[in-house]
Asker: 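Have a look at this one.
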Amino acid sequence: LLSFALLRQTQKELNMDKVNEFKANLDRDLAGNPLLIKLEKATSVPKLYLVLGFLGVSAVVLLSGYGAGLYTAFVGFAYPAYASFKAIETKQKDDDTQWLVFWCVYGFFSLLDYFSAFILSWLPFYYVLKFGFLIWLARGGAVTLYYSVIRKFLITHESRVDAVISDAKKAAQQAGTAIGSEAAHAYTAHSSKTD
């Protein structure tokens, strides 16, 4: 009985060692995040607890389904938009490229999501997976996805995409000219009646 209690105590200590190691690694990873540093100074709440609180709130919102679409859209857009602003304001060009790549991938993802969300949103954990995917994209996954899939696709189909865009521009110009002409004609006809 004593050896069993000693074994349980040793197992608990090992588990706590793993928890403390995970906590130390996560704290080290968060140490360089300027947004978390500012939040920590403003709130006096440690960065680790801010992140864990954010993840807890995220889990409740995403799993409950109430506001999950808005929440994922906000998380997928707000931080990257602010990070893009910060990148533009620096003299470095590497961070500009990183966020341009993010927006390219985000555009493709949004297009796919628009056409599939009605069906996919009925799947359990859809918003949790979408949230995780958007966080992964913002943390560097967009670069991986861009160079492994999207770039290859665009290079292969570049001439066709350019032709479609050119045709669309011409059609839009023609439609704009026709609408402008009709508006001018209608205005002239209306003006002559009122005079």
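Predicted, not measured: the structure shown is a model, and the values here were computed from it.
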Asker: Is Leu123 linked to Phe131 within one hydrophobic cluster, defined over Ile, Leu, Val, Met, Phe, Trp and Tyr using a side-chain heavy-atom separation of less than 4.5 Å?
Answerer: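 Yes, it is one cluster - the side chains of Leu123 and Phe131 are joined through contacts under 4.5 Å.
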
Asker: Given a cutoff of under 4.5 Å between side-chain heavy atoms of I, L, V, M, F, W and Y, with clusters grown through shared members, what are the other residues clustered with Ile165?
Answerer: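 Its cluster partners, ordered by chain and number, are Val161.
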
Asker: Got a second to check how far Asp162's CG is from Asp167's CG, nearest 0.5 Å?
Answerer: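 The CG atom of Asp162 sits 11.0 Å away from the CG atom of Asp167.
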
Asker: Identify which one of Leu52, Val51, Leu50 satisfies the side-chain contact (heavy atoms from CB on, under 4.5 Å) criterion when paired with Leu48.
Answerer: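 The residue from Leu52, Val51, Leu50 that satisfies side-chain contact (heavy atoms from CB on, under 4.5 Å) with Leu48 turns out to be Leu52.
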
Asker: Does Phe54, at its CZ atom, have more than 12 non-hydrogen atoms belonging to other residues, nucleotides or ligands within less than 6.0 Å?
Answerer: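 Yes, enclosed.
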
Asker: Rounded to the nearest 0.5 Å, what separation is found between the CG atom of Leu62 and the CG atom of Leu55?
Answerer: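 That separation rounds to 10.0 Å.
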
Asker: Could you report the tightest heavy-atom contact between Gly69 and Tyr127, atom names first, then the distance?
Answerer: CA-CE2, 3.5 Å

Asker: Report yes or no: do Val149 and Val105 belong to one cluster of Ile/Leu/Val/Met/Phe/Trp/Tyr joined by side chain heavy-atom distances under 4.5 Å?
Answerer: yes

Asker: Among the clusters formed by ILVMFWY side chains lying less than 4.5 Å apart, do Phe153 and Val164 turn up in the same one?
Answerer: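 Unlinked, Phe153 and Val164 end up in two clusters.
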
Asker: Verify the cluster assignment for Leu63 and Leu129: are they in a single hydrophobic cluster under the rule of side-chain heavy atoms below 4.5 Å apart?
Answerer: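 Shared cluster, no.
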
Asker: For Leu39 and Val45, run side chain to side chain contact (heavy atoms under 4.5 Å, CB included): C-alpha distance rounded to whole Å, both residues' side-chain angles, the deciding distance at 0.1 Å, then the answer.
Answerer: CA-CA 8 Å; Leu39 284 172; Val45 176; over 6 Å; no

Asker: Show me the donor-acceptor pairs within less than 3.5 Å that the side chains of residues 168-178 make with the rest of the protein, sequence neighbours left out.
Answerer:
unit_1 : atom_1 : unit_2 : atom_2 : d
Thr177 : OG1    : Gln173 : O      : 2.8

Asker: Can you measure from CZ (Arg151) to OG1 (Thr156) and round to the nearest 0.5 angstrom?
Answerer: 10.0 Å

Asker: List the atom of Gly76, the atom of Phe102, and the distance in Å for their closest heavy-atom pair.
Answerer: O-CZ, 3.7 Å

Asker: Tell me, please, which residues at least two apart from Asn25 pass side chain to side chain contact (heavy atoms under 4.5 Å, CB included).
Answerer: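 With neighbours one apart ignored, the set is Glu21, Arg28.
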
Asker: Tell me whether Val57 is reachable from Tyr66 by hopping between hydrophobic residues (I, L, V, M, F, W, Y) whose side-chain heavy atoms are closer than 4.5 Å.
Answerer: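 Cluster IDs for Tyr66 and Val57 differ.
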
Asker: When the side chains of residues 107-120 are checked against the rest of the protein, which donor-acceptor pairs come out under 3.5 Å, sequence neighbours left out?
Answerer:
unit_1 : atom_1 : unit_2 : atom_2 : d
Ser110 : OG     : Tyr106 : O      : 2.9
Asp113 : OD1    : Tyr126 : OH     : 2.2
Asp113 : OD2    : Lys130 : NZ     : 2.7
Ser116 : OG     : Leu112 : O      : 2.8

Asker: Enter the distance from Thr43:OG1 to Lys38:NZ here, rounded to the nearest 0.5 Å.
Answerer: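 If we round to the nearest 0.5 Å, Thr43:OG1 and Lys38:NZ are 14.0 Å apart.
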
Asker: If you look only at distance, which donor and acceptor atoms sit under 3.5 Å apart when one is on a side chain in residues 133-146 and the other is two or more places apart or in another chain?
Answerer:
none

Asker: Show me the donor-acceptor pairs within less than 3.5 Å that the side chains of residues 78-87 make with the rest of the protein, sequence neighbours left out.
Answerer:
unit_1 : atom_1 : unit_2 : atom_2 : d
Ser84  : OG     : Pro80  : O      : 2.7
Ser84  : OG     : Trp103 : NE1    : 2.7

Asker: Working to the nearest 0.5 Å, report the span between NZ of Lys91 and CG of Asp96.
Answerer: 12.0 Å

